[in-house]
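These notes are about the structure you will find just below.
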Protein chains: 2
Amino acid sequence: MITICDVARHAGVATSTVSYVLTGKRPISAATRSRVLESIRVLGYHPHAGARGSATSRTNVVALAVPLREGVYVPVLMRMVTAAVTAARRHGLNVLLMTADQGVDGLRGVAGSAQADGFLVLDVEMNDERVPLLRQLAQPSVLIGQPATTAGLTCVDFDFEAAGAACVEHLADAGHRYIGFLGAPTPVYQRRTGFAHRAMVGFSAAAMRRGITSTIMPTAGDHHSVLKAVQALFRVHPSTTALVVHNEAALGWVGAGLRSLGRKVPEDVAVIAICPDGLAEQASPSFTSIRLPAEELGRRAVELLVAKLNGQTVPSLTLLEPELAERASTAGVPGRMLARRANPAVNPERVTAGRRPSRSGAGTRTLPPTPPVVPAPRT
Amino acid sequence: MITICDVARHAGVATSTVSYVLTGKRPISAATRSRVLESIRVLGYHPHAGARGSATSRTNVVALAVPLREGVYVPVLMRMVTAAVTAARRHGLNVLLMTADQGVDGLRGVAGSAQADGFLVLDVEMNDERVPLLRQLAQPSVLIGQPATTAGLTCVDFDFEAAGAACVEHLADAGHRYIGFLGAPTPVYQRRTGFAHRAMVGFSAAAMRRGITSTIMPTAGDHHSVLKAVQALFRVHPSTTALVVHNEAALGWVGAGLRSLGRKVPEDVAVIAICPDGLAEQASPSFTSIRLPAEELGRRAVELLVAKLNGQTVPSLTLLEPELAERASTAGVPGRMLARRANPAVNPERVTAGRRPSRSGAGTRTLPPTPPVVPAPRT
DNA sequence: TTGAAAGCGCTAACAA
DNA sequence: TTGTTAGCGCTTTCAA
């Protein structure tokens, strides 16, 4: 192993000079600087990270806590992770990956033994058990997601509540009165995972405000579950004319589910998905979507953490605003839809064919039908 | 920050004693040991990882290089990653995550500055640019996957070649004479990604040996691409009676693709998938599969790396043998299939309806039809 | 603008 | 069985 002393000797300077060339914490004459750099190059010197950490108490490592829990859609999470890793690299930070099995103890261990300068925490639950620890830690942390209260924390999140509401608003404006919500798998809600919980709440609240009849339904991501869930939604409310899908894994099967009921997108049913770029486009016809900025969440989290590491004060909550991308799935004409739905002869046998999905944790609830209204013109 | 000296003072012993209690590298009397441990507990002491690394040149960190390249199916990769992280934890090792943007330079940097004791390398290509570097590194490394030559390396891999061959054998034994191969997305083959390349080669070679007419076709994972690919396969060889699918993302759409041609599984077409547990089961009917032991690959890689870190010699190549799980998708009767296929009236308009997929990198090739043989009885 | 030297917190001879 | 002490490779004060 080649050390800073070797470099100093080779360049004919003191070790401290080499150190200052490296860190730039002291002005060095151009002559010596280039001599030192040349020696570094020739000898192929790399500063020893551990030794540096020992001397400075800085590791240039951030820990990334990614509990891959049941029901989460891995590719989306990984988008955040890779974006975070890339952003961290730009700041000279490496990323220590921590998964589920490490949990709170793992965090405590890494923090205690100073293996990381800061923490990035993903997949946050409303009452996340890691939160109390994060508040105590010597190292700063940033959560991607929001627990029930963000006091004393730094959180970046997509405004899932606004996203859920925006779906309803868009559909309500287009004249839809009966909207179904196809959510994440049941365990995700049972854990009160922040993003799922908030989207659902935003959806429900907006539906209430607009006097929309709404039904919510969790679903696993496989073919079968999605078909059953879609069928169940329409069995509860055959007059449903729009679907909000907050489940990336289910996205691909929604069309098939509707087809199994003899309903077509967008003529019979409008669909809006809440998902990252590139997923809603793949459906045929393409789904209108609310963009979930996965990459930006990862990036922003790193920026915030770096700011905190530099001693800057940062907002305790950064919310990214939803953005709607309109596509073919909401190009239907609600007037015609309502008219068609009024005819109960449309596939009644299929509508009642699906069995009620068992263990629908988040439950199913409906609001009383609203009085008929004149559909607003589509915007 | 609380140091080993604080503990020593509190317990009334020398710092080295505390150190030895911690490392267990020297016998300590039960009395002092418990006194020291008590002090550690009371003071809430955690050894400083950096300082320890500085003194021992051991970081207790392994770097995991996961270039998330285009076309790879993220969930499967993540299974390996989480299995590796979990296994590493059991050995007291933390995991540094390195993604695409870091590439060879990133590896060199982490190795040079001794930020990791060893390297775990995923998504290996036949002529992976990281391989020459790995050979030079001071730190040991283990690849999950095989480059063209494994000399001087340590590789763990699933025997994809045998897996591809096993599919053919199974289907040939069941009497199938025309078999299609639905592969990974084109870019994966263009990069000569080891696992994809080998499965395809194994399939083709076995088909040759058995005198089977085979067609291979890469496909992206989205609905549309899969449909087109399946249709193209059957357009090239309408008498195809079996499909081998080596593309996890496509798995869900294969059934739909076949249905679009009016062919049913398993009556008209047998299907075998090469994929990890839990994916083939979701198709309806369930697909027979060759288990891809993703978790075990991650685990084994860590075990091998730990062995190397302990100075043990390990085999340069560990291959996990394929295992076939028979399910409903190969329960068809080939005799009947052949009879049906002989009738050209079966959906001819659908067969020719699909357009040829563009840019099919791995190309499409067929072997001359073999002379009719008496189908072997199913095993 | 540069050097010398005292740490950083820990481990591991060496000595008792 | 335990203590003393000299490192590990780097940073950073202090002094020139």
Side-chain angles (χ1 to χ4, degrees), chain A residues 1-37 39-40 43-61 92 109-117 138-139, chain B residues 1-37 39-40 43-61 92 109-117 138-139:
Chain A
M1 155 137 265
I2 151 114
T3 76
I4 200 172
C5 296
D6 299 325
V7 176
R9 206 172 311 123
H10 186 271
V13 297
T15 59
S16 58
T17 303
V18 178
S19 176
Y20 285 120
V21 166
L22 253 19
T23 61
K25 291 188 177 174
R26 183 198 242 185
I28 299 281
S29 74
T32 34
R33 140 165 295 118
S34 64
R35 199 143 39 86
V36 168
L37 289 175
S39 297
I40 287 178
L43 300 179
Y45 166 75
H46 283 273
H48 185 108
R52 177 174 280 181
S54 161
T56 58
S57 302
R58 265 270 203 164
T59 60
N60 292 321
V61 167
V110 169
S113 58
Q115 287 187 89
D117 297 335
Q139 294 93 337
Chain B
M1 153 138 265
I2 151 118
T3 77
I4 201 173
C5 297
D6 299 325
V7 176
R9 206 171 311 123
H10 187 272
V13 298
T15 59
S16 58
T17 304
V18 179
S19 176
Y20 286 119
V21 166
L22 252 20
T23 61
K25 292 189 178 173
R26 180 197 244 185
I28 299 281
S29 74
T32 34
R33 143 165 292 120
S34 64
R35 200 142 40 85
V36 167
L37 288 176
S39 297
I40 287 177
L43 299 179
Y45 167 75
H46 283 273
H48 184 107
R52 176 175 283 180
S54 162
T56 58
S57 302
R58 265 269 204 166
T59 60
N60 292 321
V61 168
V110 169
S113 58
Q115 286 186 92
D117 297 335
Q139 294 93 337

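Naming convention: chains lettered A, B, ... in sequence-line order (proteins, then strands); numbering from 1 in each chain. Predicted, not measured: the structure shown is a model, and the values here were computed from it. Computation of the quantities below employed the complete heavy-atom set of this structure, encompassing side-chain atoms and omitting hydrogens, waters and symmetry-equivalent molecules.
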May I have the distance from [X] (atom [atom1]) to [N] (atom [atom2]), rounded to whole angstrom?
X	N	atom1	atom2	result
B:Ile40	C:dC10	CD1	P	10 Å
A:Arg58	D:dT12	CZ	P	11 Å
B:Arg9	D:dG3	CZ	P	14 Å
B:Asn60	C:dC10	CG	P	14 Å
A:His46	D:dC10	NE2	C1'	16 Å
A:Ile4	C:dA5	CD1	C1'	14 Å
B:Gln115	D:dG9	CD	P	16 Å
B:Ile2	C:dG9	CD1	P	11 Å

inquiry  = Please determine whether any donor N or O and acceptor N or O are separated by less than 3.5 Å between the side chain of B:Thr23 and the base of C:dT11.
reply    = no
ask   = Want to settle it: does B:Ala55 or B:Val13 sit nearer the 5' end of DNA chain D, counting the closest nucleotide to each?
value = B:Val13
key: Most 5' of B:Ala31 and A:Ala51 on DNA chain D, judged by nearest nucleotide   =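 Comparing both residues, the 5'-ward one is B:Ala31.
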At what distance, to the nearest 0.5 angstrom, does [atom1] of [X] lie from [atom2] of [Y]?
X	Y	atom1	atom2	result
A:His48	B:Thr59	NE2	OG1	8.0 Å
B:Asp117	B:Thr56	CG	OG1	8.0 Å
B:Ile4	B:Leu22	CD1	CG	6.0 Å

remark   = The answer to which of A:Arg35 and A:Thr15 contacts DNA chain C further toward the 5' end, by nearest nucleotide, is A:Arg35
Least distance between heavy atoms, [X] atom then [Y] atom:
X	Y	answer
B:Ser39	B:His10	OG-ND1, 2.8 Å
A:Met1	A:Asp6	O-OD2, 4.0 Å
A:Ser54	B:Ser54	CB-CB, 4.0 Å
A:Cys5	A:Thr15	SG-CG2, 3.7 Å
B:Gln115	A:Ala49	CG-CB, 3.4 Å
A:Tyr45	A:Ile2	CD1-O, 3.4 Å

request  = Would you tell me if any nitrogen or oxygen in the side chain of A:Lys25 comes within less than 4.0 Å of OP1 or OP2 on D:dT11?
outcome  = no
inquiry  = Side-chain N or O of A:Ser54 versus OP1/OP2 of D:dG9: is the shortest distance under 4.0 Å?
reply    =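 Answer no for this pair, as no side-chain N or O of A:Ser54 is under 4.0 Å from OP1 or OP2.
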Side-chain atoms of residues 23-30 of chain A: list all donor-acceptor pairs with protein atoms under 3.5 Å, sequence neighbours left out, distances to 0.1 Å.
| from | atom 1 | to | atom 2 | distance (Å) |
| --- | --- | --- | --- | --- |
| A:Thr23 | OG1 | A:Ser19 | O | 3.2 |
| A:Thr23 | OG1 | A:Lys25 | N | 3.4 |
| A:Ser29 | OG | A:Thr32 | N | 3.3 |
| A:Ser29 | OG | A:Thr32 | OG1 | 2.5 |

With sugar-phosphate meaning primed atoms plus P, OP1 and OP2, does [X] contact a base, only sugar-phosphate, or nothing at under 4.0 Å between heavy atoms?
X	result
A:Thr32	sugar-phosphate
B:Ser57	nothing
A:Ser16	base
A:Ser19	base
B:Ile28	sugar-phosphate
A:Ser29	sugar-phosphate

Show each protein N/O and nucleotides 14-16 of chain D N/O combination with a separation under 3.5 Å, one pair to a line.
| from | atom 1 | to | atom 2 | distance (Å) |
| --- | --- | --- | --- | --- |
| D:dC14 | N4 | A:Arg26 | NH2 | 3.3 |

request  = Please examine the side chains of B:Val21 and B:Val13, heavy atoms only from C-beta on, and report whether any two atoms are closer than 4.5 Å.
outcome  = no
note = A:Thr3 has its side chain closest, among C:dA4, C:dC10, D:dG9, to D:dG9
request  = Quantify the bending of the helix from C:dT1-D:dA16 to C:dA16-D:dT1 as the angle between its end axes, each fitted on five pairs, to 10°.
outcome  =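 The angle, to the nearest 10 degrees, is 40°.
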